[in-house]
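First comes the structure, then the notes that go with it.
Each chain gets a letter, A, B and so on, in the order the sequences are listed, and its residues count up from 1.
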Number of protein chains: 2
Amino acid sequence: MTDNATPSAVASQRIATLIRDQILDGSLAPGERIRQEEFAERFGASRIPVKEALRLLESDGLVTLVANTGAWVSRMSEEECAEAYQIRERLEPLLLHESMKNLDDATIDTLDALAFEMESCTDVETFLRLDRQFHLLSYSAARTASLAEIIQRLWNSTQHYRRAYTLLVGIEHNQITHNHHHLIVDALRRRDADDAESALVSHIRRTRSELARHPEVFG
Amino acid sequence: MTDNATPSAVASQRIATLIRDQILDGSLAPGERIRQEEFAERFGASRIPVKEALRLLESDGLVTLVANTGAWVSRMSEEECAEAYQIRERLEPLLLHESMKNLDDATIDTLDALAFEMESCTDVETFLRLDRQFHLLSYSAARTASLAEIIQRLWNSTQHYRRAYTLLVGIEHNQITHNHHHLIVDALRRRDADDAESALVSHIRRTRSELARHPEVFG
DNA sequence: TATCCATTGATTGCATCCAATATCAACACA
DNA sequence: TGTGTTGATATTGGATGCAATCAATGGATA
């Protein structure tokens with residue numbers, strides 16, 4: 001499971017990737033309007049591929065289209081976000097399990113290094129990037145493509161609130177998170193799937209309850 | 001959770017629904033080619049909305065697009081099908097749980113009636129339709145839209161093999177399936193979520209192992 | 001006879017143009 | 001003053017035409 005690697009030769013897919021990246025890195029905020037003509041000009045294309053890209057992003061849940069009216073970056077409610085975390089809690093352990101079957105030791109070493117790097121990083125954006133990288137890498141050996149795709153979509157659609165939460169509470173008092181990561185690496189190293197799954201469930205469940213404790217993130 | 005209700009005024013979405021229905025009812029088989037111009041003419045539109053519809057169906061997993069070459073109805077491997085059932089096994093109990101919270105008694109009566117109707121039906125297409133109706137109705141009271149959408153996609157992408165399997169083994173010796181349905185209705189009536197979930201898990205798992213026992217379905 | 005290359009035909013991708021629709025402001029009227 | 005209506009403007013939806021790309025066929029060569 002890799003982070004949208006191939007820059008497609010097809011314009012509509014390339015544009016979809018560019019807009020998706022802007023939504024994920026926060027430069028396009030929820031509720032912001034996306035005008036076809038403006039983005040077409042920005043990407044040096046006509047409105048047709050932009051329109052197709054917007055439909056793709058709509059089916060990803062990142063963009064909301066209203067017929068004859070326009071497109072906006074989707075605004076996710078607190079309930080929808082909780083729902084995404086509930087789904088992740090059931091699916092990500094399965095994906096981790098599938099991935100563990102094929103994970104090699106070198107990748108586990110990299111995961112270990114990432115967990116420590118995260119522990120000593122000092123800014124929010126780096127933390128978010130490393131955290132995403134850690135989990136996606138832990139899933140990277142799974143052969144279950146559609147499962148990986150569902151989960152990547154869930155990560156994407158909740159990315160905004162992960163950032164908002166992290167910005168709100170800071171990254172100083174995150175030892176529990178780091179502990180979870182180390183537990184996961186340890187379980188993977190021992191090839192103990194049940195243990196890895198349960199550590200991951202705890203990890204995701206904790207984030208869900210943390211978000212529930214900080215409703216101001218959704219304000 | 002209702003079966004694609006609104007016939008959108010937007011042509012691309014209307015066309016996507018029409019093509020999707022043709023794939024689901026079997027009149028478009030896996031591997032069959034979908035030519036933009038041919039379908040545009042058939043639906044009385046130009047190629048643009050057809051192309052957008054195909055991209056939508058691609059993100060549903062029902063259609064496979066190759067740049068500058070064409071579109072085909074997706075061909076799902078045995079492994080991918082098993083994967084879909086694994087995901088369903090983890091997610092559908094959650095959706096049923098969410099739905100049960102809001103299910104009224106009248107709907108449970110309807111589910112009961114559907115279970116009996118299925119038991120006495122004699123042709124495969126009716127059986128498939130009633131089965132789909134039964135399960136989707138049992139999920140209909142859930143407020144978790146994105147979960148419902150994921151599951152609907154999984155149903156859609158495996159629909160072809162449900163039909164192939166049912167055609168292969170017939171519907172005469174399906175008592176176990178009917179038993180599962182009655183167990184689910186009973187648990188719902190008693191408002192016993194855990195019991196309903198475990199009956200549903202058994203139900204889905206059984207189908208998965210049945211498919212594994214009949215690999216000729218995927219030939 | 002098998003393999004490689006070029007040419008042709010078919011099909012898709014995209015840009016431009018026009019039509020349809022929604023939004024918003026100005027205005028008439030109660 | 002508030003409300004309903006109407007027109008102008010901006011924006012999207014879709015049709016047509018052209019360019020780009022791929023697949024397939026035929027011929028030349030080893």
Side-chain angles (χ1 to χ4, degrees), chain A residues 4-23 27-76, chain B residues 4-23 27-76:
Chain A
N4 56 38
T6 53
S8 170
V10 179
S12 59
Q13 290 178 26
R14 201 188 63 236
I15 292 173
T17 301
L18 288 169
I19 297 179
R20 185 185 294 115
D21 288 346
Q22 290 196 19
I23 294 174
S27 50
L28 273 173
E32 207 161 325
R33 184 159 188 183
I34 301 176
R35 258 172 266 267
Q36 293 182 3
E37 198 151 9
E38 176 189 338
F39 278 73
E41 182 175 30
R42 185 182 305 181
F43 298 134
S46 88
R47 279 173 38 222
I48 298 284
V50 174
K51 195 196 318 185
E52 288 176 11
L54 290 175
R55 287 210 191 285
L56 282 177
L57 294 169
E58 185 194 28
S59 80
D60 281 353
L62 289 177
V63 161
T64 302
L65 287 177
V66 179
N68 292 310
T69 303
W72 287 264
V73 179
S74 290
R75 212 187 273 283
M76 190 178 229
Chain B
N4 58 40
T6 54
S8 170
V10 178
S12 59
Q13 290 177 25
R14 202 188 63 236
I15 292 174
T17 301
L18 289 169
I19 298 179
R20 185 184 294 114
D21 288 346
Q22 290 196 19
I23 295 175
S27 50
L28 274 173
E32 207 161 324
R33 183 157 189 184
I34 301 176
R35 259 173 266 267
Q36 292 182 4
E37 198 151 8
E38 176 189 338
F39 278 72
E41 183 175 27
R42 183 182 306 180
F43 298 134
S46 88
R47 281 172 34 225
I48 299 285
V50 174
K51 194 202 312 190
E52 287 176 12
L54 290 175
R55 287 211 191 285
L56 281 178
L57 294 169
E58 185 193 28
S59 80
D60 281 353
L62 290 177
V63 162
T64 302
L65 287 178
V66 179
N68 294 311
T69 304
W72 289 263
V73 179
S74 290
R75 211 187 275 281
M76 191 179 227

[N] [atom2] sits how many Å from [X] [atom1], rounded?
| X | N | atom1 | atom2 | value |
| --- | --- | --- | --- | --- |
| Ile48(B) | dC17(C) | CD1 | P | 15 Å |
| Arg55(A) | dT12(D) | CZ | P | 12 Å |
| Glu58(B) | dT12(C) | CD | P | 14 Å |
| Ile15(B) | dG14(D) | CD1 | P | 8 Å |
| Arg35(B) | dG9(C) | CZ | P | 17 Å |
| Arg47(A) | dG13(C) | CZ | P | 19 Å |
| Leu54(B) | dG14(D) | CG | C1' | 16 Å |
| Glu37(A) | dT9(D) | CD | C1' | 13 Å |

Quick check on dG13(C): is either OP1 or OP2 less than 4.0 Å from any side-chain nitrogen or oxygen of Gln36(B)?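 True: Gln36(B) side-chain N/O within range (under 4.0 Å) of dG13(C) OP1/OP2.
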Ignoring hydrogens and angles, are the base of dG14(D) and the side chain of Lys51(A) linked by a donor-acceptor pair under 3.5 Å?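 Yes, a donor-acceptor pair under 3.5 Å.
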Walk me through whether Val10(B) and Glu52(B) qualify under side chain to side chain contact (heavy atoms under 4.5 Å, CB included). CA-CA 11 Å; Val10(B) 178; Glu52(B) 287 176 12; 5.9 Å; no
Should we say atom CD of Glu41(A) is surrounded by more than 12 heavy atoms from elsewhere, each under 6.0 Å from it?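 At most 12 heavy atoms, drawn from other residues, nucleotides or ligands, come within 6.0 Å of this atom.
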Got a sec? Which of residues 64-76 of chain A come in under 4.0 Å of DNA chain C, heavy atoms?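 Contacts with DNA chain C under 4.0 Å: Asn68(A), Thr69(A).
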Taking all heavy atoms of Pro49(A) and all of Ala11(A), pick out the closest pair and write down the distance.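 So the two residues come closest at CB-CB, 4.1 Å.
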Of the non-hydrogen atoms in Ile23(B) and Val63(B), which two are nearest, and what is the gap between them?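 Of all heavy-atom pairs spanning Ile23(B) and Val63(B), the closest is CD1-CG2, 4.0 Å.
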Looking at [Y], is its backbone amide N or carbonyl O close enough to the side chain of [X] to form a donor-acceptor pair, meaning the two atoms are under 3.5 Å apart?
| X | Y | answer |
| --- | --- | --- |
| Ser46(A) | Ile48(A) | yes |
| Ser59(A) | Leu56(B) | no |
| Thr17(B) | Ile15(B) | no |

Would Val66(B) and Trp72(B) count as a side chain to side chain contact (heavy atoms under 4.5 Å, CB included) here? Give the steps. CA-CA 9 Å; Val66(B) 179; Trp72(B) 289 263; 4.0 Å; yes
Give me the bend of the helix from dT1(C)-dA30(D) to dA30(C)-dT1(D), using the axes of the five pairs at each end, rounded to 10°. 20°
Starting from the C-alpha separation in whole Å, work towards a yes-or-no answer on side chain to side chain contact (heavy atoms under 4.5 Å, CB included) for Leu18(A) and Phe39(A). CA-CA 10 Å; Leu18(A) 288 169; Phe39(A) 278 73; over 6 Å; no
